[in-house]
Amino acid sequence: MESRLQRAEEESIALRTIVTIAIAATVLIAVSILVMSIIFENGYVGTYYSLAVLFDAVGYYPTVSVAFLSQDFYQFFTILVVDGISRIILIGFVVATVIEFAGRVNFKYRLSIITARKLKGHVVVCGYSKFGERLARDLSRTGMEFVIIERERDKVDMLHDIGYTAIDGDFTREVFLNEASVKGAKAVVIDSGSDFEDAVAVITIKRLNKDAKVIVRVNNVASLINIMRAGADQCIIPEILAGEEIGTQILGMGSTA
Amino acid sequence: MAVSEKRELFNHVIVCGCGIVGQRIVDILKENSVDFVIIEIDPEKAKELKERGYKVIVGDATLSSVLKSASIETAKAIAAVVDNDAKNLFTVLTARDLNKSVFIATRANDDFLREKLSEAGADYVIMPQKSASKEILKELGIK
């Protein structure tokens, strides 16, 4: 929860800084153009035009030596040095600052949040363990929309990199379940590794969406009883399923060695 | 296990490890009256299993001597299903070495290991997490 708040705060500061600098740069450039136009009557265009006419009438080399003595030349030179270079420096500073602060805004994360909020009829996967990983892969393969809620920020960043919609947060809390649009979800699959957290998550989810099918991965039969009491629609013990499949395979072999 | 019990072992199933997976296999074999023996490394668990009437060998299933005492040479199938990929791999290798035709079933925790176990000689490799995921998709009506 804390890292999430810190990140939101950093992003907010970064965005505010970018906007402030953009406004300040725009104002500065506008003021400098205005000042230059007042100080030098002709401004950029006028001065350039005068020099162009001179070159055209007299030719390049004579014009250069004459130009050194002309007021237009010195006006143009002053504008170029004072105004032009200072603008280049200012623009450079603005671009560098925008790039630095833009790097602090996690666009993939923001995109994930926006995507998650629009989901409906999807599956919410709470916890990205080996089981969650397998399930996400299978859901992805079938084209079923899903969002993952995972506590560890590094895992969430990795999930964004591989193209999954993921939220970092505690799936026992309403605020994160709401970000995952649990109210419109078809099903929620939970794998926290802890009976207590599983039970809390089940109770919270059922309060937000009593129609969603809640399936929990548990480790043993004792856990299964507790979680079913909390209101889960189904509990799964992967190892029991594995045992059944192997047992069935062996039975189907026949009697020869 | 007594010598007389050992002589009776023929065309049986060896279950290596009696955790959740092993226990489920044992239940299915018992329901279907298939002869089996359990190899269990934990003496306390082994004692408990014996008290329930099962044939149990206390030992490490990765060792040839232990598999031989479970009559691997005349077994029809062996299930290497402890919750340790390395142990399962070594059990598969040893079992295949001792009996070229025995059906070997095992479990793996990821796709990479599943391939290795098959290469090592396993005939059937199950991934519990994959089974669970398939079951969930089936429950949700997703194909």
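The sequence lines fix the lettering, A, B, ..., with proteins before strands; numbering per chain opens at 1.
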Report the C-alpha separation of A:Arg134 and B:Asp111 in whole Å, then their side-chain angles, then the decisive distance to 0.1 Å, and conclude whether the side-chain contact (heavy atoms from CB on, under 4.5 Å) test is met.
CA-CA 10 Å; A:Arg134 185 80 232 176; B:Asp111 287 311; 3.3 Å; yes
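- Proximity to chain A is absent for every atom of B:Glu31, based on heavy atoms less than 4.5 angstrom apart.
- The structure places CD1 of B:Ile136 at 7.0 Å from CD of A:Gln234, a figure rounded to the nearest 0.5 Å.
- The OG1 atom of A:Thr142 lies 5.5 Å from the CD1 atom of B:Ile142; values are rounded to the nearest 0.5 Å.
- Here the shortest heavy-atom pairing between B:Ser133 and A:Asp138 reads OG-OD2, 2.6 Å.
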Starting from the C-alpha separation in whole Å, work towards a yes-or-no answer on side-chain contact (heavy atoms from CB on, under 4.5 Å) for A:Ile215 and B:Leu140.
CA-CA 10 Å; A:Ile215 303 171; B:Leu140 298 180; 4.2 Å; yes
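- Heavy-atom pairs under 4.5 Å with chain A were tallied for B:Asn109, B:Val81, B:Leu29, B:Ile25; the largest tally goes to B:Ile25.
- Contact tally against chain A (heavy-atom pairs below 4.5 Å) for B:Val26, B:Ile28, B:Asp110: the top residue is B:Ile28.
- A side-chain contact (heavy atoms from CB on, under 4.5 Å) with A:Ile246 is found for exactly one of B:Val15, B:Val13, B:Val125, B:Ile126, namely B:Ile126.
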Between A:Glu239 and B:Gln23, does a side-chain contact (heavy atoms from CB on, under 4.5 Å) hold up when you go through it step by step?
CA-CA 10 Å; A:Glu239 289 76 12; B:Gln23 184 60 66; over 6 Å; no
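- With a threshold of 4.5 angstrom between heavy atoms, A:Val189 approaches chain B through side-chain atoms but not through N, CA, C or O.
- Proximity to chain B involves both the backbone and the side chain of A:Leu135, based on heavy atoms less than 4.5 angstrom apart.
- For chain A, the option among B:Gln129, B:Glu135, B:His12 with the highest count of heavy-atom pairs below 4.5 Å is B:Gln129.
- The choice from A:Ala187, A:Ala136, A:Gly247, A:Ala242 that makes the most heavy-atom pairs within less than 4.5 Å of chain B is A:Ala242.
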Could you pull out every donor-acceptor pair under 3.5 Å between side chains of residues 126-133 of chain A and any protein atom, sequence neighbours left out?
residue: A:Ser129; atom: OG; partner: A:Phe131; partner atom: N; Å: 3.3
residue: A:Ser129; atom: OG; partner: A:Gly132; partner atom: N; Å: 3.3
residue: A:Ser129; atom: OG; partner: A:Asp191; partner atom: OD2; Å: 2.3

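- For A:Lys213, the NZ atom is densely surrounded, since the number of other residues' heavy atoms within 6.0 Å is greater than 12.
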